[in-house]
Novice: 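I have a structure I would like to understand better, so I am pasting it below and will then ask my questions one at a time.
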Amino acid sequence: MTLPYGIFSYGIASPRVGVLVKEPVPGSPVAGDHILDLEIVSLLGFFKDLPLDPAVFAKPVLNDFMALGKPVWQAVRRRLIDLLEHPDKPFIEIAEQVLIDPARVTMHLPVRVGDYTDFYASEEHASNVGRMFRPDGNPLLPNWKHLPVAYHGRASSIVVSGTPIRRPQGQYPGPDNQPVFGPSQALDFELELGIVIGRTSELGEPVPVGEAEDFIFGLVLFNDWSARDIQRWEYQPLGPFLGKNFASSISPWVVPLEALDGCRIESPKQEPTPLPYLRTSGRTHFDIELEVALQTGDGRPETVISRTNARHLYWSAAQMIAHHTVNGCNLNVGDILATGTISGPEPGSYGSLLELSWNGARPLSLPDGSARTFLQDGDTLILRGRAGNGTVDFGEVSGRINR
Ligand code: CA
């Protein structure tokens, strides 16, 4: 069972914590996707021997629940799996009242995000960008294989799936490399995973790489919308700013790290060997199938424009956390670390239009006869993720471009 956590509301009920249940409940007529209302389940006493107050599930974000720590996350998950796989009579009797039809609910941003950091952890993506913009040099800069490169992003503009995305305006280079002002002409997506931090670290205290996963509550799909023209004009010397911070979209369901145990894989070979504080071994990476679909504004069916996999990340989530905190920078409950665009080795596995259209040189042909180099108004971009032969479902994150 994946049992991802999210925040939902329905009817006159205020937002509360739920888990998405995809399996039928034995002995009850409930089948198909349902959302289990954890506030009600908890108030009815099904968690009464667990060290938590039902009030943590009556909140509009997951932060208070996450702050209870990993032993509580594990205990609740065990209890939920037990209740749903082997329901007792009291649970069967209330199942129809506490398992809510997703068609009736509104999903909300699941986490109050304090800080957001965006990494650059896919070697294929970093190499593709290097080939495009530094054709005469080494595709990777000298630091890339020694540390997980990142910048600090903007938490205030992180929105939940389904939120319309307004095309940003700003300065970008026009003819003669003089700046012009207007709506971005090169609006792009970036396919990433978001790592939701569920534990606070102390200021001044690095998190050892071997303990870093204890700080991860779960993963979401993450679309780091990017205006390439604004980015190109502004990014030197201090890095991304208005080309990136106008919006990032996340999926509403947070997949607990524990649900991914069966999808773990070995790290790719890291050569040169990283410095000791970044050295790990074992199954530090995840086999998560990812896809990108584009639906144009004319109502035609969507087109899958890329298929890739989280296995193409070079740096692991644990290495990102160890690097982020090695200088003493502290993490807080609710922070999100995004992986950076995930691209595979083949052109059909790239995680941005910048790469898929090779910076506009190879427009994508769509079935309706139109072509795309970057996103047009009315386009809806959808990211999806699945793992474990479909047993783990990340759902999707979508956003429609508006003028
Ligand atoms: Ca990014």
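Atoms within each ligand, like the ligands themselves, are counted from 1 in listed order.
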Novice: Does a side-chain N-to-carboxylate-O contact under 4.0 Å join Arg79 and Asp49?
Specialist: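 Salt bridge present between Arg79 and Asp49.
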Novice: Decide whether a cation-pi geometry holds between Arg199 and Phe215; the criteria are a distance under 6.0 Å from NZ or CZ to the six-membered ring centre and an angle within 45° of the ring axis.
Specialist: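 Ring-cation test returns yes.
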Novice: Looking at the Ca ion (ligand 1), which N/O/S atom of Glu190 is the nearest one?
Specialist: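 In Glu190, the heteroatom (N, O or S) nearest the Ca ion (ligand 1) is OE1.
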Novice: At the Ca ion (ligand 1), what's the angle from Asp224 OD2 to Glu192 OE2, rounded to 10 degrees?
Specialist: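 Roughly 100°, rounded to 10°.
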Novice: May I ask you to say whether Glu213 pairs ionically with Arg264, meaning some side-chain N is under 4.0 Å from a carboxylate O?
Specialist: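 Arg264 and Glu213: salt-bridged.
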Novice: Name whichever N, O or S atom of Asp118 ends up nearest to the Ca ion (ligand 1).
Specialist: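 Within Asp118, restricted to N, O or S, the Ca ion (ligand 1) is closest to atom OD2.
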Novice: Would you please classify the geometry between the Phe65 ring and the Tyr5 ring as parallel, tilted or perpendicular, with 30° and 60° separating the classes?
Specialist: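 Tilted.
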